[in-house]
Engineer: 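Could you have a look at this structure, given as structure tokens, before my questions?
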Amino acid sequence: MGINIINDPFKNKGTAFTKQERKDLGLEGLLPPYVQTLDEQVKRVYAQFQTKSSNLEKRLFLMEIFNENRTVFFKMFSQHVVEFMPIVYDPTIADTIENYSELFVDPQNAAFLSIDDPEAVKNSLRNAADKRNIRLIVVTDAEGILGIGDWGTNGVDIAVGKLMVYTVAAGIDPSQVLPVVLDTGTNNERLLKDPLYFGNHHKRVAGPKYYDFVDHFVKTAEELFPNLYLHFEDFGRDNAANLLNKYKDQITTFNDDIQGTGIIVLAGILGAMNISKQKMTEQTYLCFGAGTAGAGITKRIYDEFLQQGLTAKEARKHFYMVDKQGLLFDDDPTLTPEQKPFARSRSEFANAAELTNLEMAVKAIHPTILVGTSTQPGAFTENVVKEMAAHTERPIIFPLSNPTKLAEARAADLLKWSEGRALVATGIPVADVKYNGITYQIGQANNALVYPGLGLGVIASTASLLNDEMISAAAHSLGGIVDPNKPGASVLPPVSKLNVFSTTVAKAVANSAVEQKLTRTEITDVDQAIADTKWTPQY
Ligand SMILES: NC(=O)c1ccc[n+]([C@@H]2O[C@H](COP(=O)([O-])OP(=O)(O)OC[C@H]3O[C@@H](n4cnc5c(N)ncnc54)[C@H](O)[C@@H]3O)[C@@H](O)[C@H]2O)c1
Ligand SMILES: O=C(O)C[C@H](O)C(=O)O
Ligand SMILES: [Mn+2]
């Protein structure tokens, strides 16, 4: 029995089991005699961590600790958030997803569900939960992992990684979460040919069979875990919005790429407005890469224009989208439902036929905001940036494609090409940039800065739905943390304060749920409800 506890990462205390616990739990003789404190354990493990040289090695080491002892892992993570985030999460997580089979040591308490075995869904979820009270699932079908595409069952890592950030940022109890991967096949030829690949060796199943399988999973999860908050991550462009639209008014659910990214970009633009002292509704917005994230962000910013008093007709005039084919026009039969509302009429431009790339579009439109979610590295060229900067004092430029190798531009280049005028945020963390004697702090417009607080607010308030009011409240709550008058100020709060502002976001979201009477239980004190929900790593 003692061995079982040592092998259970939710219960294991390792060398910190007291003499009495060792006696009671049948652990005598299974551990060296000295009883360590949690702090001593963390110090020891962090020293081991520091001997690792590459980020991949560091991540693999941290995952071993995660597999053994969640308390030590999260205590250490919480002390080194800025250092660990890019290792545990994006961008290093992309390497572990691409090499999942080669690096595999442990399934990390995830649930692996296969479209070829729908009858097993219920038992699989039950087995993975192992009688734990699951309040939060991150599910992926891994068709659109970050910007690296289709990774089949390997994508389970993104669900595990997103959940780790929930805990370190917002104190979500790690024993109440479940990562889930839906293996519906893969169109990744490299995986299909790889004898080591752990997933189903067939093409992705599409159409009704796919939607039925997802629905079967959703219904079963809702039945097994009645207080569930269901987070969708990295589904493909054809399915992500459909699934969100199907479930958002029925269950407590969230799509991170559409909604989470929308929140963080809105918060970043509001931050940029504080710095430039300009008005949001006077901006011209260009979305580059109008897929899941791009269209989700555009919709969020557009809704903000409406909230700030513009009519739908007035607001639309401020928005443009560029995708593979160039500027999107309303006569294009390949537009997605999410792109359609923002497509323009050819008659607006004398040279519509020439607007087939970003540079030509920027020349014709004079955007003041350019947000990249295109997976096209280097797409924000010097010419594009100079052209944009020629027509606006403080160009707002967010190259958001992840991981690092796919970013549309580097922050340092954007500042150089705009002579320090660009207001920049990136998808992955970047170091400060020095330019002309000013140190620029670069905001990280990654949904990781908001989804944990959002989730904490939803879970603590027992909200039955996550609606647009709550989402807007989350975006607006991130203001006022950065001093906008400091030269080189960032448009977003720093990751070093992730823990603090996650609670700020949670309060805004929970208050909104309470005001709208969307909670399942009566919440009289939001702050208390949040404090009661939060888990801290301690024995
Ligand atoms: N920073 C963040 O928080 C965050 C959040 C979500 C997504 N992202 C990043 O955004 C990128 C896109 O993710 P997604 O989920 O929206 O993927 P997606 O596949 O749904 O969308 C990508 C879009 O880019 C378009 N595109 C491809 N090549 C292009 C080109 N040459 N020019 C213009 N557009 C082109 C595609 O047609 C598609 O519409 C990824 O790199 C992802 O990591 C970042
Ligand atoms: O995972 C991330 O780093 C952000 C985002 O969800 C993405 O898909 O790129
Ligand atoms: Mn994502």
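No hydrogens, no waters, no symmetry mates; every other heavy atom, side chains included, goes into these values. When a residue number appears, it is its place in the shown sequence, counting from 1. On a predicted model such as this, the values are computed, not experimentally measured, just so you know. Start at 1 and go down the list; that is how both ligands and their atoms are numbered.
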Engineer: I need the minimum non-hydrogen distance between Asp323 and Gly289, along with the two atoms involved.
Structural biologist: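 It is OD2-C, 3.6 Å.
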Engineer: Taking non-hydrogen atoms only, is Ala379 closer than 4.0 angstrom to ligand 1 via side chain, backbone, both or neither?
Structural biologist: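 Neither part.
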Engineer: Among all protein heavy atoms, pick out the one at the shortest distance from atom 9 (O) of ligand 2; state its residue, atom name and that distance to 0.1 Å.
Structural biologist: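 Its nearest protein heavy-atom neighbour is Asn402 ND2, 3.0 Å.
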Engineer: So which protein heavy atom does atom 21 (O) of ligand 1 come closest to, and at what separation?
Structural biologist: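 The answer is Gly291 CA, 3.3 Å.
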Engineer: Do me a favour and list the nearest non-hydrogen protein atom to atom 7 (C) of ligand 1 with residue, atom name and distance?
Structural biologist: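 Minimum-distance protein heavy atom for atom 7 (C) of ligand 1 reads Ala293 CB, 3.6 Å.
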Engineer: Can you sort out which atoms of ligand 2 are near Asn446, meaning under 4.0 Å from one of its heavy atoms?
Structural biologist: 2 (C), 3 (O), 4 (C)
Engineer: Nearest protein heavy-atom contact for atom 32 (N) of ligand 1: which residue, which atom, what distance?
Structural biologist: Phe288 CZ, 3.4 Å
Engineer: Checking a contact table here: which protein heavy atom is nearest atom 3 (O) of ligand 2, and how many Å away?
Structural biologist: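 So the nearest neighbour among protein heavy atoms is Asp90 OD2, 2.6 Å.
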Engineer: Is Gln376 touching ligand 1 with its side chain, its backbone, both, or neither, if touching means heavy atoms under 4.0 Å apart?
Structural biologist: side chain
Engineer: Heavy-atom pairs closer than 4.0 Å: do any link ligand 2 to the side chain of Asp234, the backbone, both, or neither?
Structural biologist: side chain
Engineer: With under 30° as parallel and over 60° as perpendicular, where do the rings of His231 and Tyr166 fit, or are they tilted in between?
Structural biologist: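 Taking Tyr166 first and then His231, their aromatic rings stand perpendicular (interplane angle over 60°).
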Engineer: Of all the atoms in ligand 2, which lie at a distance below 4.0 Å from a heavy atom belonging to Lys162?
Structural biologist: 1 (O), 2 (C), 4 (C), 5 (C), 6 (O)
Engineer: What protein heavy atom lies closest to atom 3 (O) of ligand 1? Include the residue and the distance to one decimal.
Structural biologist: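 Ranking protein heavy atoms by distance from atom 3 (O) of ligand 1, first comes Asn447 N, 2.9 Å.
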Engineer: For ligand 2, note which part of Ile93 has a heavy atom under 4.0 Å away: side chain, backbone, both or neither.
Structural biologist: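 Near ligand 2, Ile93 shows nothing, with every heavy atom at 4.0 Å or more.
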Engineer: Between Tyr302 and Phe342, is the ring centroid distance below 6.0 Å?
Structural biologist: yes
Engineer: Of the protein's non-hydrogen atoms, which lies at the shortest distance from atom 5 (C) of ligand 2, and what is that distance?
Structural biologist: Asn447 ND2, 3.4 Å
Engineer: Atom NZ of residue position Lys246 - does it have more than 12 heavy atoms of other residues, nucleotides or ligands inside 6.0 Å?
Structural biologist: yes
Engineer: May I have the step-by-step check of side chain to side chain contact (heavy atoms under 4.5 Å, CB included) for Phe329 and Leu335, ending in yes or no?
Structural biologist: CA-CA 9 Å; Phe329 289 113; Leu335 295 180; over 6 Å; no
Engineer: What distance do Asn188 atom CG and Lys203 atom NZ have between them, rounded to the nearest 0.5 Å?
Structural biologist: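 One gets 9.5 Å once the value is rounded to the nearest 0.5 Å.
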Engineer: Can you give me the OE2-the Mn ion (ligand 3)-OD1 angle for Glu233 and Asp234, to 10°?
Structural biologist: 100°
Engineer: Would you mind checking if Lys299 and Asp303 are paired as a salt bridge, meaning a charged N to carboxylate O distance below 4.0 Å?
Structural biologist: yes
Engineer: Among all the protein's non-hydrogen atoms, which is closest to atom 15 (O) of ligand 1, and how far away is it?
Structural biologist: Thr292 CB, 3.7 Å
Engineer: Is the NZ or CZ atom of Arg135 positioned over Phe225's six-membered ring, under 6.0 angstrom from the centre and within 45° of the axis?
Structural biologist: no
Engineer: Determine whether the side chains of Asn200 and Ser114 contain a donor N or O and an acceptor N or O closer than 3.5 Å.
Structural biologist: yes
Engineer: What part of Asp323 sits under 4.0 Å from ligand 1 if we count only heavy atoms: the side chain, the backbone, both or neither?
Structural biologist: both
Engineer: Start with the C-alpha gap between Gln444 and Leu449, add the side-chain angles, then the distance that decides, and say whether side chain to side chain contact (heavy atoms under 4.5 Å, CB included) holds.
Structural biologist: CA-CA 8 Å; Gln444 192 184 348; Leu449 275 81; 4.1 Å; yes
Engineer: Nearest protein heavy-atom contact for atom 12 (C) of ligand 1: which residue, which atom, what distance?
Structural biologist: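 Going atom by atom, the protein heavy atom closest to atom 12 (C) of ligand 1 ends up being Thr373 O, 3.4 Å.
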Engineer: Classify the contact between Ala448 and ligand 1 as side chain, backbone, both or neither, using a heavy-atom distance cut-off of under 4.0 Å.
Structural biologist: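 It is neither part, as no heavy atom is under 4.0 Å.
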Engineer: Is Asp257 near ligand 1, meaning one of its heavy atoms is under 4.0 Å from it?
Structural biologist: yes
Engineer: Indicate, as side chain, backbone, both or neither, the part of Ile145 found under 4.0 angstrom from ligand 2 when only non-hydrogen atoms are considered.
Structural biologist: neither
Engineer: Knowing that exactly one of Asp234, Asn447, Thr140 qualifies, which makes a side-chain hydrogen bond (donor to acceptor under 3.5 Å, both in side chains) with Lys162?
Structural biologist: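 Single pass found, and it is Asn447.
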Engineer: Checking the N or O distance criterion of under 3.5 Å, is ligand 1 in contact with Gly427?
Structural biologist: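 No, no N or O pair falls under 3.5 Å.
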Engineer: Specify the protein heavy atom at minimum distance from atom 9 (C) of ligand 1: its residue, its atom name, and the distance to 0.1 Å.
Structural biologist: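 Minimum-distance protein heavy atom for atom 9 (C) of ligand 1 reads Leu400 O, 3.7 Å.
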Engineer: Please assess Tyr451 against Phe254 for the test ring pair (Phe, Tyr, Trp, His ring centres under 6.0 Å), listing each intermediate value before the final yes or no.
Structural biologist: CA-CA 9 Å; Tyr451 73 72; Phe254 164 68; 7.0 Å; no
Engineer: Any chance you could measure Leu454, atom CG, to Ile471, atom CD1, to the nearest 0.5 Å?
Structural biologist: 6.5 Å
Engineer: Can Ala290 be said to touch ligand 1, with heavy atoms closer than 4.0 Å?
Structural biologist: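 Ala290 counts as a contact of ligand 1 under the 4.0 Å cut-off.
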Engineer: Less than 4.0 Å between a side-chain N and a carboxylate O, is that true for Glu359 and Lys363?
Structural biologist: yes
Engineer: Identify, by atom number and element, the atoms of ligand 1 in contact range of Asn446, meaning under 4.0 Å from any of its heavy atoms.
Structural biologist: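 Those of ligand 1 that fall under 4.0 Å from Asn446 are 1 (N), 2 (C), 3 (O).
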Engineer: Do Arg316's NZ or CZ and the ring of Phe319 fall within the cation-pi criteria of under 6.0 Å and 45°?
Structural biologist: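 The answer is no; the distance or angle limit is not met.
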Engineer: Show which atoms of ligand 1 fall inside a sub-4.0 Å distance from at least one heavy-atom site of Gly147.
Structural biologist: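 The list of qualifying atoms is 40 (C), 41 (O), 42 (C), 43 (O).
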Engineer: What N/O/S atom of Asp257 is the closest to the Mn ion (ligand 3)?
Structural biologist: OD1
Engineer: Does the pair Arg59 and Asp157 meet the rule for a side chain to side chain contact (heavy atoms under 4.5 Å, CB included), with working shown?
Structural biologist: CA-CA 12 Å; Arg59 189 176 195 283; Asp157 262 2; 4.3 Å; yes
Engineer: Assign the ring pair Phe77 / Phe74 to parallel, tilted or perpendicular, where the plane angle (0 to 90°) is split at 30° and 60°.
Structural biologist: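 Answer is parallel, since the angle falls under 30°.
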Engineer: Could you tell me, atom by atom, which parts of ligand 2 come under 4.0 Å of a heavy atom of Asp257?
Structural biologist: 5 (C), 6 (O), 7 (C), 8 (O)
Engineer: Would you mind listing which atoms of ligand 1 come within a distance below 4.0 Å of any non-hydrogen atom of Thr375?
Structural biologist: 11 (C), 12 (C), 40 (C), 41 (O)
Engineer: Do the side chains of Arg204 and Asp141 get close enough for a salt bridge, i.e. N-O under 4.0 angstrom?
Structural biologist: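 Yes, Arg204 and Asp141 are salt-bridged.
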Engineer: Glu233 heavy atoms, cut-off 4.0 Å: which ligand 2 atoms fall inside?
Structural biologist: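 Result: 6 (O).
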Engineer: Considering only the protein, which heavy-atom contact is closest to atom 2 (C) of ligand 2, and what is its distance?
Structural biologist: Tyr89 OH, 3.2 Å
Engineer: So does Asp212 pair up with Lys209, basic N to acidic O under 4.0 Å?
Structural biologist: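 Lys209 and Asp212: not salt-bridged.
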Engineer: Provide, to 0.1 Å, the distance between atom 7 (C) of ligand 2 and the closest protein heavy atom, together with that atom's residue and name.
Structural biologist: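 Its nearest protein heavy-atom neighbour is Leu146 CD2, 3.6 Å.
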Engineer: Identify, for atom 1 (N) of ligand 1, the protein heavy atom at the shortest distance, and state residue, atom and that distance.
Structural biologist: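 For this ligand atom, the closest protein heavy atom is Ala445 O, 2.9 Å.
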Engineer: Less than 4.0 Å from atom 17 (O) of ligand 1, is there any heavy atom belonging to the protein?
Structural biologist: no
